[in-house]
Amino acid sequence: MMHQAAPLPATAHRADSLSGAIRVPGDKSISHRSLMFGGLASGETVITGLLEGEDVLATGRAMAAMGAKVTREDACWRVFGTGNGALLEPESPLDFGNAGTGCRLTMGLVGSYHMTSRFIGDASLSRRPMKRVLDPLRQMGVAVEAEEGDRLPVTLRGPATPVPITYRVPVASAQVKSAVLLAGLNIAGTTTVIEPVMTRDHTEKMLMGFGAKIEVAEDADGVRTIRIEGQPTLKGRTIDVPGDPSSAAFPLVAGLIVPGADITIENVLMNPTRTGIVLTLQEMGGLIDIVNWRDAGGEDVADLRVRSSELKGVAVPPERAPSMIDEYPVLAVAAAFAEGETVMDGIEELRVKESDRLHAVARGLEANGVDCTESEACLTVRGTPSGKGIGGGTVETHLDHRIAMAFLTMGLAAEKPVTIDDSRMVATSFPQFFDLMGELGATISRTTPEGDDR
Ligand code: S3P
């Protein structure tokens, strides 16, 4: 899956300023779902703006292995789906590389089929918990074989007649919610998901666009009940994937912490289940102008103008975590350049991402002279606005793309350069990261162990 076999370290240097306008690649969550739902629906789905990162490409290969026809011409992807209920048994294991979203959603999608499917992944994905998705599948009648602790490799054998269930998701996770809803697509009757804390709603919104019958009700406490009617006809459609706010977060923070910076990030998805980072950085005093709000195929998008700012520490409300769950590593970097203390509580889910992100961030901050305290579900960072004394360390990235990009962002404002041990995983979600940051004026060097610059 990875093109470069050996680790590829990278070093980011303090920037004089940053300027210009960039467009980040398509949203990862929507890109996975576009290929998946397009591969399932009848007829043709045409996708523009797809994120062509390793994670998403793995989902495309998995859909092709189950009978979908996936083609690319220039920057336009065309998917000819099998029709709902008509996926084929994959002949070999489905390899999801580093991608938790692709793997968990596809487990849901195929688990309710009367067939055998096997799931494998890289060292990071093979350490991540799958029980959260396998438990509801077991309740539907799926036979599961897994490594100890419900880890990959996993083999699923769906029953002849899967049972529709009502499932209350025990953790705030869009992946778990989505896996149950997708399994429900191939089960006669109504499958119900109860979601106590709202998470990103791309599965519900996009499936409705493909023709699924989904009802969403919300009670006074914000508890959502989502009902999906099984065995609908899904029809292919046209999708223009908006820019990924989780990728935008890196230039966004860079624009705030690099002195004299003034940059614009265009076409960013502004779905409220994804914009916690923008709100938090604004609360910290970040100068972020949200301009050119518009509707793009049912999702809000906007351009973000970002200027160098004097940041102040804040306490981030724990209930905001689902709307910025992937952005805490780079928020911790912003906090390192803020006056006072930033408290990030209620973030225990960070421990089961591509790496234990709470641990990886705390060690990376310490290695670069930033004062912080880590507990089971909380990270507190005490910042230095001038960046004086920050940097000079090497960060262990643990096969985690967001740890890699967060600490390269830190190096752009730190007094001394910041090095990461491996930059290969950046290609899983943001292959253009180095080029786009370079366009803004950043100096980030990548060096192979043999000493060749990249
Ligand atoms: C995602 C959901 C989140 C997020 C991941 C993408 C999705 O994971 O961290 O990067 O597309 O549904 P959880 O659902 O496990 O929180």
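Whatever order the structure lists them in is the order used to number ligands and atoms, beginning at 1. Counting from 1, the numbers follow the sequence of the chain as shown.
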> Check ligand 1 for N or O atoms under 3.5 Å from a protein N or O and list each pair with its distance.
| residue | atom | partner | partner atom | Å |
| --- | --- | --- | --- | --- |
| ligand 1 | 8 (O) | Gln175 | NE2 | 3.3 |
| ligand 1 | 8 (O) | Lys353 | NZ | 3.1 |
| ligand 1 | 9 (O) | Asp326 | OD1 | 2.8 |
| ligand 1 | 9 (O) | Asp326 | OD2 | 3.2 |
| ligand 1 | 9 (O) | Lys353 | NZ | 2.7 |
| ligand 1 | 10 (O) | Asp326 | OD2 | 2.7 |
| ligand 1 | 11 (O) | Ser29 | OG | 2.7 |
| ligand 1 | 11 (O) | Arg33 | NH1 | 2.8 |
| ligand 1 | 12 (O) | Arg33 | NH2 | 2.7 |
| ligand 1 | 14 (O) | Ser173 | OG | 2.8 |
| ligand 1 | 14 (O) | Ala174 | N | 2.9 |
| ligand 1 | 14 (O) | Gln175 | N | 2.8 |
| ligand 1 | 15 (O) | Ser173 | OG | 3.3 |
| ligand 1 | 15 (O) | Lys353 | NZ | 3.4 |
| ligand 1 | 16 (O) | Lys353 | NZ | 3.0 |

> Report the distance from atom OG1 of Thr190 to atom CD1 of Ile165, rounding to the nearest 0.5 Å.
13.0 Å
> Flag this pair as yes if the NZ/CZ of Arg357 is under 6.0 angstrom from the six-membered ring centre of Tyr328 and inside a 45 degree cone about the axis; otherwise no.
no
> Just checking, any donor-acceptor pair under 3.5 angstrom between side chains of Asp422 and Thr397?
no
> Flag the pair Arg294 and Glu299 as a salt bridge only when some basic side-chain nitrogen lies within less than 4.0 angstrom of an acidic carboxylate oxygen.
no
> Under a 4.0 Å N-O cut-off, is there an ion pair linking Lys177 with Glu204?
yes
> Who pairs with Phe433 by ring-ring contact (aromatic ring centres under 6.0 Å, His included), at least two apart in sequence or on another chain?
Phe430
